[in-house]
Asks: 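Okay, handing you the structure first.
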Amino acid sequence: MIQRTIQTVEAQAQLDDWKSLLKASRISTADLLRRLNLDEHPLAYADAEKQFELRVPRPYLEKIESGQPNDPLLLQVLPQKREMLEVDGYSNDPLDEEKFSPLPGLIHKYKSRVLLIATQSCAVHCRYCFRRNFPYNEHRVARNDWQNAIEYINENPEINEVILSGGDPLVLTNEHLSELLNQIVAIKHVTRIRLHSRLISTLPQRVDAGFISLLSSLNTNVVMVMHCNHPNEIGQDVADATQKLKHAGVVLLNQSVLLKNINDNASILARLSEALFNIGVLPYYLFTLDKVHGAAHFDIATSTYLEIYRELQGLLPGYLVPRLASEIPDRTSKTLVNT
Ligand SMILES: *Cc1c(COP(=O)(O)O)cnc(C)c1O
Ligand code: SF4
């Protein structure tokens with residue numbers, strides 16, 4: 001009996017290890033639905049996995065309500081037939097990022113900050129992702145490319161902030177991150193490091209002791225922008241992770257995307273802002289959808305989101321209202337939507 005208990009505890013500890021959770025995030029549409037006690041789903045379409053595979057980390061899956069086909073967390077990850085539609089105005093690279101890439105894995109579009117695609121991999125696959133069709137293979141960042149990226153940043157003194165994005169930079173091991181971050185920190189004109197990660201809310205176990213001690217050891221300001229779209233994504237596990245980051249002196253922000261049938265509602269967005277504040281995170285951006293092929297079913301009419309946003313402003317103190325913004329190709333910053 002004792003033996004069995006020990007084995008169970010060990011098995012659980014292994015399952016909770018973020019690397020095992022990450023590996024296990026790849027599942028099929030049929031398995032996902034089975035785990036949610038949904039025999040079938042009117043919108044599900046397994047073939048869409050071929051375009052963009054299904055990935056759902058267990059901590060996120062556990063927050064989806066069983067037996068509920070319209071769950072807002074489920075709808076963010078569910079492969080659907082509507083992804084196969086060709087819709088006017090939707091493309092594979094809606095932001096025209098290729099044009100702003102001086103080196104593989106590096107996007108330098110905004111003057112003072114550079115975006116480093118540290119990895120092409122993600123723990124969760126959000127069906128609305130603007131990089132769902134990104135030619136990651138051409139941007140596969142090998143160690144050599146890191147070296148070239150570091151050199152580029154070194155030679156461009158106007159860059160004072162390096163943003164690790166992806167993919168999701170937190171799928172990299174602490175060892176890899178340490179190597180990369182320490183090289184960036186060594187560049188004199190870089191005064192801030194920013195990480196954009198959806199793992200904080202979808203696989204919070206990633207914030208392990210090694211990661212915290214790495215961030216604490218960097219002698220620079222660190223900003224973490226997490227990505228939550230709905231208050232149901234925030235559980236005690238996520239609160240524990242943000243608390244650790246806060247203790248390490250990390251500035252915590254959140255960005256969301258406005259998504260039809262998920263968070264296109266002022267009271268949901270207000271609850272999200274309140275829930276974020278309660279775990280030490282301030283809302284940063286609320287993005288309109290990028291018109292990427294396969295994501296048209298998430299789009300909301302401009303007049304509708306302007307109305308939602310005005311209502312949201314009436315529900316929150318100003319500092320909990322995220323900036324409503326769009327990404328317009330060729331602009332040298334995000335574009336705040338005029339309300
Ligand atoms: C969004 C983005 C940034 C960061 O913009 P902020 O307004 O500073 O958050 C930087 N570079 C690129 C290419 C971006 O798309
Ligand atoms: S985590 Fe971010 S980059 Fe990855 S699929 Fe989701 S939105 Fe896209």
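Ligands are counted one by one from 1 in listed order, and the atoms in each one are counted from 1 as well. The figures that follow rest on heavy atoms only: side chains count, while hydrogens, waters and symmetry mates do not.
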Asks: Asn37: what forms a side-chain hydrogen bond (donor to acceptor under 3.5 Å, both in side chains) with it, not counting sequence neighbours?
Replies: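 Scan of Asn37 (side-chain hydrogen bond (donor to acceptor under 3.5 Å, both in side chains), adjacent residues dropped) gives Ser66.
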Asks: Please tell me whether Asn182 and Ser178 have a donor and an acceptor in their side chains that are separated by less than 3.5 angstrom.
Replies: yes
Asks: Relative to the heavy atoms of Cys122, which atoms of ligand 2 are at a distance of less than 4.0 Å?
Replies: 1 (S), 3 (S), 4 (Fe), 5 (S)
Asks: Counting from 1, what ligand 2 atoms have a heavy atom of His227 closer than 4.0 Å?
Replies: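 Answer for ligand 2: 7 (S).
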Asks: Please go through Tyr45's hydrophobic cluster and name the other residues, only I, L, V, M, F, W, Y counting, with side-chain heavy atoms under 4.5 Å joining them.
Replies: Met84
Asks: Heavy-atom distance to atom 7 (S) of ligand 2: which of Gly167, Cys126, Ser165 wins?
Replies: Cys126
Asks: Hey, is Glu83 close enough to Arg127 for a salt bridge, meaning N to O under 4.0 Å?
Replies: yes
Asks: Between Arg132 and Gln51, is any side-chain donor less than 3.5 angstrom from a side-chain acceptor?
Replies: yes
Asks: Quick one: does ligand 2 sit under 4.0 Å from the side chain of Arg131, the backbone, both or neither, non-hydrogen atoms only?
Replies: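 Neither part.
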Asks: Give a yes or no on whether the backbone of Glu65 and the side-chain of Gln68 come within a donor-acceptor separation of less than 3.5 Å.
Replies: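 No; zero donor-acceptor contacts below 3.5 Å.
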Asks: Might you list the protein residues in contact with ligand 1, defined as having a heavy atom under 4.0 Å from one of its atoms, sorted by chain and number?
Replies: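 Residues within 4.0 Å of ligand 1: Ile107, Lys109, Tyr110, Arg113, Leu115, Ile163, Arg194, Tyr284, Tyr285, Glu327, Lys334.
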Asks: Could you check whether Arg34 pairs with Glu40 (Lys NZ or Arg NE/NH1/NH2 to Asp/Glu carboxylate O, under 4.0 Å)?
Replies: no
Asks: Using a 4.0 Å cut-off to any heavy atom of Arg198, which atoms of ligand 2 qualify?
Replies: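 Close to Arg198: 1 (S).
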Asks: I'd like a table of donor-acceptor pairs (distance under 3.5 Å, sequence neighbours excluded) in which one partner is a side-chain atom from residues 284-305, with atom names and distances.
Replies:
{"residue": "Thr288", "atom": "OG1", "partner": "Ser326", "partner atom": "OG", "Å": "2.8"}
{"residue": "Lys291", "atom": "NZ", "partner": "Asp299", "partner atom": "OD2", "Å": "2.8"}
{"residue": "Asp299", "atom": "OD2", "partner": "Tyr90", "partner atom": "OH", "Å": "3.2"}

Asks: N/O/S of His125 less than 2.8 Å from atom 8 (Fe) of ligand 2?
Replies: no
Asks: Distance only, no hydrogens: is a donor on one side chain within 3.5 Å (strictly under) of an acceptor on the other, for Arg331 and Thr335?
Replies: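 Their side chains do contain a donor-acceptor pair, which is all the 3.5 Å distance test asks for.
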